[in-house]
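Here the structure is laid out as structure tokens; the discussion comes afterwards.
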Amino acid sequence: MGIVAEDAVNQFEALMNQVDEPLKKTFQNIHQGYPTGTLVRFLKAREWNVPKAHKMLVDCLNWRVENDIDNILAKPIVPTDLYRGVRDSQLIGLSGYTKEGLPVFAIGAGFSTFDKASVHYYVQSHIQINEYRDRVILPSASKKHGRHITSCVKVLDMTGLKLSALSQIKLLTIMSTIDDLNYPEKTNTYYIVNAPYIFSACWKVVKPLLQERTRKKIQVLPGCGRDELLKIMDYASLPHFCRREGSGSSRHSGNETDNCYTLDHPFHQELYNYIKQQASIIAPAGPYKQGSIHVHLPESAAEESEIAKTIESELQKFGNQTRLTDSLDALKVSDNRN
């Protein structure tokens with residue numbers, strides 16, 4: 001760490017020592033014993049501007065307190081059939097680890113439909129996976145590899161991406177904004193695989209809108225990305241949709257242990273059991289409370305809003321070019337906040 005960076009961290013640390021006790025408590029859940037590393041993450045997210053990084057972190061801490069994020073891992077989505085529906089329509093899972101020990105999250109961006117529950121359940125599930133990653137997965141990986149591991153890699157499968165994805169842009173923007181504002185610098189690299197033409201057309205227009213720091217993290221790989229990904233992870237950690245050309249991100253692969261999206265996969269079993277266990281500790285006597293957690297949904301940052309508008313515009317153009325104007329005219333972009 002250079003002298004300038006060290007000075008910035010020291011200034012930031014002095015400011016954080018002045019925050020109220022509730023904010024200090026939730027800060028502990030964020031840093032997991034590594035406060036300096038957390039300050040550096042927020043400084044990176046604000047180009048090492050201390051006042052801006054301080055405001056970002058304090059806003060994050062207030063968001064956590066106001067929405068009881070510290071206890072979100074004690075609030076299971078029940079009944080189980082409802083949670084299974086969320087898992088079958090919000091395709092994400094842990095497929096393994098890179099050779100350096102970073103968790104590998106597989107995301108079925110093309111086949112995720114987000115149509116089995118309300119937006120609040122999907123946001124709740126998204127935050128729970130973030131918190132489980134930060135409180136359980138990353139500390140476990142750090143212990144195993146003998147060094148502090150703070151981030152993951154994400155492999156996004158675009159198989160099945162259709163114009164109907166337009167209706168989910170606002171929900172995806174909400175979740176992206178939550179991550180940008182409250183979980184900065186948690187993803188080391190985004191790998192895009194199985195990208196159809198519709199994605200490529202949007203990417204050419206969206207790429208210039210991204211900050212250089214974000215742009216450098218995104219790599220669009222040829223085909224299923226297998227050969228490139230094998231340079232950083234073993235075959236066993238490859239997401240199932242990267243193991244052979246044209247495999248795609250089927251919701252139900254032949255081998256359920258390979259398909260990390262399903263609730264039957266060990267990762268989701270461990271996550272769901274952990275949440276139910278935490279709920280039993282907080283309220284050992286009663287049944288699990290049904291109903292989603294209504295987390296405050298942030299207004300999209302200017303960058304995310306501009307990107308969402310651009311994607312929508314490009315998809316509209318693509319629809320016109322492919323003579324799908326009628327179906328697009330009938331397609332309404334859901335607000336997803338209700």
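All values derive from a computational prediction rather than experimental measurement. One-based numbering along the sequence shown.
Under the 3.5 Å distance criterion, with hydrogens and angles disregarded, no donor-acceptor pair is assigned to the side chains of Q168 and Y122. Residues S125 and R87 bring a donor and an acceptor atom of their side chains to less than 3.5 Å of each other.
Residues L181 and W63 are not in side-chain contact: their nearest non-hydrogen atoms beyond the backbone lie 4.5 Å or more apart. When side chains are defined from C-beta on, I137 counts as touching Y97, because their heavy atoms get closer than 4.5 Å. Looking only at side-chain heavy atoms (C-beta outward), L156 and M158 come within less than 4.5 Å of each other. Residues V155 and I107 have side chains not in contact (no heavy-atom distance under 4.5 Å, counting atoms from C-beta outward). A heavy-atom distance below 4.5 Å is found between the side chains of I129 and L271. Contact of the F42 side chain with the C60 side chain is registered, since non-hydrogen atoms from C-beta on lie closer than 4.5 Å. Contact check for R41 versus I30: side-chain heavy atoms found under the 4.5 Å cut-off. Within the 4.5 Å cutoff, side-chain heavy atoms of R213 are placed close to those of E47.
For the residue pair P239 and A106, the shortest heavy atom distance occurs at CB-CB, 3.7 Å. Between H240 and N259, the shortest heavy-atom contact is CE1-OD1, 3.4 Å. S237 and S95 make their closest contact through O-OG, 2.8 Å (heavy atoms, listed as atom of the first residue, atom of the second, distance). Taking all atoms of both residues into account, the shortest heavy-atom contact from P196 to N194 is CD-O, 3.2 Å. Contact record, W48 with V9: CZ3-CG2, 4.4 Å, taken as the closest heavy-atom pair.
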**Prompt:** So K55 and D59, salt bridge (Lys or Arg N to Asp or Glu O under 4.0 Å) or not? Walk me through it.
**Reply:** CA-CA 6 Å; K55 182 182 185 305; D59 287 347; 2.7 Å; yes
**Request:** Could you go through the side chain to side chain contact (heavy atoms under 4.5 Å, CB included) check for E6 and N10 one step at a time?
**Result:** CA-CA 6 Å; E6 193 171 333; N10 290 337; 4.1 Å; yes
**Message:** Test side chain to side chain contact (heavy atoms under 4.5 Å, CB included) on V104 and M233; report intermediate values, then the result.
**Reply:** CA-CA 9 Å; V104 178; M233 68 184 74; 3.8 Å; yes
**Request:** Starting from the C-alpha separation in whole Å, work towards a yes-or-no answer on side chain to side chain contact (heavy atoms under 4.5 Å, CB included) for E13 and L39.
**Result:** CA-CA 8 Å; E13 192 172 45; L39 297 182; 4.0 Å; yes
**Prompt:** Going through the checks in order, is the side chain to side chain contact (heavy atoms under 4.5 Å, CB included) test met by F267 and F105?
**Reply:** CA-CA 11 Å; F267 166 70; F105 282 91; 4.0 Å; yes
**Request:** Verify salt bridge (Lys or Arg N to Asp or Glu O under 4.0 Å) between K186 and D179, making sure each step is shown before the conclusion.
**Result:** CA-CA 9 Å; K186 279 294 181 179; D179 287 353; over 6 Å; no
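The side chain to side chain contact (heavy atoms under 4.5 Å, CB included) test applied to Q32 returns N29, R135, P139, not counting sequence neighbours. Listed by chain and residue number, D264 satisfy the salt bridge (Lys or Arg N to Asp or Glu O under 4.0 Å) test with R84 (two or more places apart in sequence, or in another chain). With sequence neighbours left out, the salt bridge (Lys or Arg N to Asp or Glu O under 4.0 Å) criterion links K143 to no other residue. Listed by chain and residue number, C152, K154, Y190 satisfy the side chain to side chain contact (heavy atoms under 4.5 Å, CB included) test with T187 (two or more places apart in sequence, or in another chain). In terms of the side chain to side chain contact (heavy atoms under 4.5 Å, CB included) criterion, residue partners of H31 (sequence neighbours excluded) are, by chain and number, F27, Q28, P35, T38. Under the rule for a side chain to side chain contact (heavy atoms under 4.5 Å, CB included), the partners of L82 that lie at least two apart in sequence or sit in another chain are I77, P79, A117, Y121. With sequence neighbours excluded, no residue forms a side chain to side chain donor-acceptor pair (under 3.5 Å) with T98. Take E228 and apply the salt bridge (Lys or Arg N to Asp or Glu O under 4.0 Å) test, not counting sequence neighbours, and it matches K231. The side chain to side chain donor-acceptor pair (under 3.5 Å) search around N62 returns none, not counting sequence neighbours. Residues satisfying the salt bridge (Lys or Arg N to Asp or Glu O under 4.0 Å) test with E66, not counting sequence neighbours, are none. Annotation: side chain to side chain donor-acceptor pair (under 3.5 Å) contacts of K116 (sequence neighbours excluded): none. In this structure D115 satisfies the side chain to side chain donor-acceptor pair (under 3.5 Å) test together with T113, sequence neighbours excluded.
With hydrophobic clusters built from ILVMFWY side chains whose heavy atoms lie under 4.5 angstrom apart, L57 does not share a cluster with Y34. Hydrophobic cluster membership is shared by V19 and M56, with clusters built from Ile, Leu, Val, Met, Phe, Trp and Tyr side chains linked at under 4.5 angstrom.
At distances below 3.5 Å, not a single donor-acceptor pair connects side-chain atoms of S176 with backbone N or O atoms of L172. Not a single donor-acceptor pair under 3.5 Å links the side chain of N71 to the backbone N or O of A74. At distances below 3.5 Å, not a single donor-acceptor pair connects side-chain atoms of Q90 with backbone N or O atoms of S112. The main-chain N or O of L138 is found under 3.5 Å from a side-chain atom of S142 such that the two form a donor-acceptor pair. When atom types are taken as modelled, the side chain of K75 and the backbone of A279 share no donor-acceptor pair closer than 3.5 angstrom. The backbone N or O of K276 sits less than 3.5 Å from a side-chain atom of S280, completing a donor-acceptor pair. Side chain of R243 to main chain of A236: a donor-acceptor pair is present (N/O by atom type, distance under 3.5 Å, no hydrogens or angles). Listed for the H145 side chain is no donor-acceptor partner under 3.5 Å among the backbone atoms of R147. Of the possible donor and acceptor atoms, one in the side chain of D157 sits under 3.5 Å from a partner among the backbone N and O of T159.
Within a 6.0 Å radius of CD in Q269, more than 12 heavy atoms belonging to other residues, nucleotides or ligands are found.
Separation of atoms CD (Q277) and CG (L73) is listed at 11.5 Å; rounding is to 0.5 Å. Summarising the geometry, atom CG belonging to L221 is positioned 10.0 Å from atom CG belonging to D227; distances are rounded to the nearest 0.5 Å. Within the model, atoms CZ of R64 and CD1 of I72 stand 9.0 Å from one another, a figure rounded to the nearest 0.5 Å. The distance from the CG atom of D20 to the NZ atom of K24 is 8.5 Å, given to the nearest 0.5 Å. Rounded to the nearest 0.5 Å, atoms OG1 (T26) and CG (L61) are 6.0 Å apart. We find the CG-OH distance between L161 and Y197 to be 13.5 Å, quoted to the nearest 0.5 Å.
The salt bridge (Lys or Arg N to Asp or Glu O under 4.0 Å) test with E185 singles out one residue from K217, K44, R46, and that residue is K217.
If you look at H268 and Y261, their ring centroids are not closer than 6.0 Å.
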